[in-house]
Each structure stands twice: as structure tokens, then as C-alpha cells.
Amino acid sequence: MNSTGAASSPPRAGSGAAAERHPRKGESTRAAIIEQALSIARREGLEGLTIGALAERLDMSKSGVFAHFGSREELQLAVLKQYTARFIDVVLRPAVARPRGLPRLAALLENWLALLAEEIEAGCILIGGACEYDDRPGPLHDALVAIIEGWKAELLRAIRMAQTEGHLHPGADAHQMVFEMYGLMLMLHQDARLLRSSDGVQRARHGLARLIEAARPRTLRAQAERARRRPH
């Protein structure tokens with residue numbers, strides 16, 4: 001799961017400092033457009049994102065917005081790319097800085113849970129987009145599939161690393177664990193947004209902890225249990 005920006009072309013020789021300011025201004029405007037588009041897409045979905053609505057919110061002309069994106073689809077893809085970059089910065093990158101094995105896996109899950117808790121009100125583009133494009137072939141469908149598969153691969157890698165480090169049982173089904181982790185997060189989103197449950201985050205955290213505990217080697221589970229029972 002990664003996100004890379006397109007490299008900008010170097011200024012032409014002799015163009016001067018004034019000309020160099022224009023790409024930066026254009027990039028700044030484009031970033032502001034994507035930021036507003038991201039906000040709209042969280043609430044209205046990617047299909048609810050239109051050039052007209054975006055232009056009105058930014059107090060720009062439609063042609064001014066369109067100049068930065070060749071099409072509505074290009075704008076939607078740019079929003080997905082920006083969301084992915086933020087997901088990496090908030091969830092993945094801090095966790096990778098943790099020690100290999102269970103500490104890193106636990107950080108991945110806790111960071112993901114914290115982000116999803118914030119998105120309960122604003123809306124999650126990945127979960128919403130999966131519903132919008134699950135049966136609609138095209139670039140947006142393919143982009144969403146790539147993002148979700150990439151994230152699942154990161155979870156799978158973290159689980160297998162924890163197995164290699166001896167923190168999880170080597171016979172634990174890593175693919176099944178990823179499936180159940182994702183299932184808990186999807187249930188949290190539905191429980192909190194649709195059913196307006198107030199304890200979804202707590203239940204998801206408990207479910208994730210129980211899933212990991214069940215996959216730990218028996219000796220480590222016994223040690224953890226003794227530590228819990230030991231009087232403080």
C-alpha cells in the first residue's frame with residue numbers, strides 16, 4: 001500500500017523566479033481543491049462529488065476547477081490517492097517504527113481503529129467506496145481494490161512477522177486473521193454509523209485483542225494469564 005505523487009517538470013532555463021512561482025501556486029490550488037473534494041466525498045460518497053459542487057464550495061468557476069483535473073473521474077482518483085497517503089501517514093508509517101512482531105501488529109490495529117473512530121462522523125471513503133463500486137467496473141473500482149488489497153497485504157505481512165518472531169503461533173491461519181480483523185472494522189463502521197451504537201469502538205478493540213490472544217503460543221498465553229491474576 002503506497003502513494004506517490006507525480007514528479008513536477010523542472011522550470012525551463014531563463015524562465016526566472018517569477019515563472020517558478022506559478023507551478024507552486026498551481027500545486028497549492030490543486031491541493032486545496034482535493035482537500036475540499038475529500039471532505040465532500042466523505043459525506044456524499046465519491047459519486048456525490050461533482051465539479052459544480054466543488055466550485056461552489058471553493059468560490060471558483062467550474063472551468064477553474066476543471067483546469068486542474070481533466071475529468072470528474074480524475075478528480076475522484078486524486079481524492080482516493082490523497083486519502084491513501086493520509087492513511088499511510090496516520091496508520092502504517094507510525095506502526096512500522098515499532099519493534100517487529102506483535103508490537104508492530106498491535107500498533108497497526110490500534111492506529112487503524114483510532115482513524116476509523118474519527119471517521120465514524122465524517123465517513124470512511126474506503127468503506128463507502130467499496131459499496132459504491134463493488135459491482136461497477138472501471139478505474140475507480142480498480143483503484144479501490146488495489147488500496148484494500150494493499151492494506152490487507154500489510155496486515156498479513158505484520159501477522160507473519162509476529163509468527164516469525166515467536167509472538168504468534170506459527171500454525172495460526174494468517175489469512176483468516178486478516179479476514180476477521182477486517183470484519184470487525186466493517187461491523188464497527190455499520191454499528192456506529194447506521195445503528196448509532198455508542199460502544200462499537202470498545203467492542204472492536206476487545207474483539208481484536210481476543211483474536212490476537214487466541215493466536216498466541218500456549219506458553220505465552222499461560223504467562224499472560226498468570227500476570228493478569230497476580231495481585232498488584
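Computed from a predicted model, the values in this text were never measured in an experiment.
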| message | Using side-chain heavy atoms (C-beta onward) and a distance below 4.5 Å, is Trp151 in contact with Leu126? | response | no
| request: Identify whether the distance between the nearest side-chain nitrogen and carboxylate oxygen of Glu121 and Arg42 falls below 4.0 Å. | output: no
| query | Distance-only, no hydrogens or angles: does the Asp191 side chain make a donor-acceptor pair with backbone N or O of Met187 under 3.5 Å? | reply | no
| query | Hey, does Ile147 have a side-chain heavy atom less than 4.5 Å from the side chain of Phe87? | reply | no
| said: Under a 3.5 Å distance rule, please check whether His169 uses its side chain to pair with a backbone N or O of Pro217 as donor and acceptor. | reply: no
| request: Could you pull out the closest heavy-atom pair between Arg72 and Gly48, with the gap in Å? | output: NH2-N, 4.4 Å
| query | Just wondering, do Leu188 and Leu113 contact through their side chains at under 4.5 Å, heavy atoms? | reply | yes
| task | Locate the shortest heavy-atom distance separating Leu116 from Met185; write the atom from each residue and the value. | result | CD2-O, 3.4 Å
| Side chain proximity check, Leu46 to Tyr133, heavy atoms < 4.5 angstrom | yes
| said: Looking at Glu27 and Arg30, is any side-chain nitrogen of the basic one under 4.0 Å from a carboxylate oxygen of the acidic one? | reply: no
| query | Would you say Arg193 has more than 12 foreign heavy atoms packed within less than 6.0 Å of its CZ? | reply | yes
| said: Testing the basics here: between Ala143 and Leu80, what is the closest heavy-atom pair and its distance to 0.1 Å? | reply: CB-CD1, 3.9 Å
| field | Chi angles and distances behind the side-chain contact (heavy atoms from CB on, under 4.5 Å) call for Leu184, Arg205 | value | CA-CA 9 Å; Leu184 283 166; Arg205 182 176 284 114; over 6 Å; no
| field | Atom CG of Asp199 with >12 non-hydrogen neighbours under 6.0 angstrom | value | yes
| Short side-chain to backbone donor-acceptor contact, Arg93 and Ile88, under 3.5 Å | no
| message | Looking at every non-hydrogen atom in both residues, tell me the closest pair between Leu54 and Ala37 and how far apart they are. | response | CD1-N, 3.5 Å
| message | Between Glu56 (side chain only) and Gly52 (backbone N and O only), is there a donor and an acceptor less than 3.5 Å apart? | response | no
| query | When you look at CD of Gln176, are more than 12 heavy atoms from neighbouring residues, nucleotides or ligands closer to it than 6.0 Å? | reply | yes
| request: Check whether any side-chain heavy atom of Leu156 lies under 4.5 Å from a side-chain heavy atom of Lys152, and answer yes or no. | output: no
| note | For Val65 and Met60 the tightest heavy-atom approach is N-CE, 3.9 Å
| request: Report the C-alpha distance between Ile120 and Val201 in whole Å, list the side-chain angles of each, state the deciding distance to 0.1 Å, and finish with yes or no for side-chain contact (heavy atoms from CB on, under 4.5 Å). | output: CA-CA 10 Å; Ile120 286 172; Val201 173; 4.1 Å; yes
| message | I need the Gln82 CD to Ile33 CD1 distance, nearest 0.5 Å. | response | 12.5 Å
| Ile212 versus Leu109: any side-chain heavy-atom pair under 4.5 Å? | yes
| field | Steps toward side-chain contact (heavy atoms from CB on, under 4.5 Å) verdict (Phe66, Leu75) | value | CA-CA 9 Å; Phe66 193 80; Leu75 170 63; over 6 Å; no
| task | Please determine if Arg157 and Glu154 form a salt bridge, counting it only when a charged side-chain N lies under 4.0 Å from a carboxylate O. | result | yes
| Can you hop from Tyr182 to Val90 via hydrophobic side chains spaced under 4.5 Å? | yes
| query | Looking only at heavy atoms, which two atoms of Ala32 and Leu58 are closest? And how far apart? | reply | O-CD2, 4.1 Å
| task | Would you give the length of the straight line joining atom CD of Glu165 to atom CZ of Arg100, rounded to the nearest 0.5 angstrom? | result | 5.5 Å
| Does a donor on one side chain and an acceptor on the other come within less than 3.5 Å for Ser39 and Arg57? | yes
| said: Hydrophobic clusters here meaning ILVMFWY residues chained together by side-chain heavy-atom distances under 4.5 Å, can you tell me if Leu155 and Val96 are in one? | reply: yes
| query | How far apart are the C-alpha atoms of His167 and Leu105, what are their side-chain angles, what is the distance that settles it, and do they pass the side-chain contact (heavy atoms from CB on, under 4.5 Å) test? | reply | CA-CA 10 Å; His167 300 158; Leu105 174 61; over 6 Å; no
| said: Between Glu132 (side chain only) and Glu47 (backbone N and O only), is there a donor and an acceptor less than 3.5 Å apart? | reply: yes
| query | In the single-linkage hydrophobic clustering (I, L, V, M, F, W, Y; side-chain heavy atoms under 4.5 Å), do Met161 and Leu102 co-cluster? | reply | no
| query | Is there side-chain contact between Ile125 and Glu119, with at least one heavy-atom pair below 4.5 Å? | reply | no
| query | Does the side chain of Arg86 reach to within under 4.5 Å of the side chain of Leu38, using non-hydrogen atoms? | reply | yes
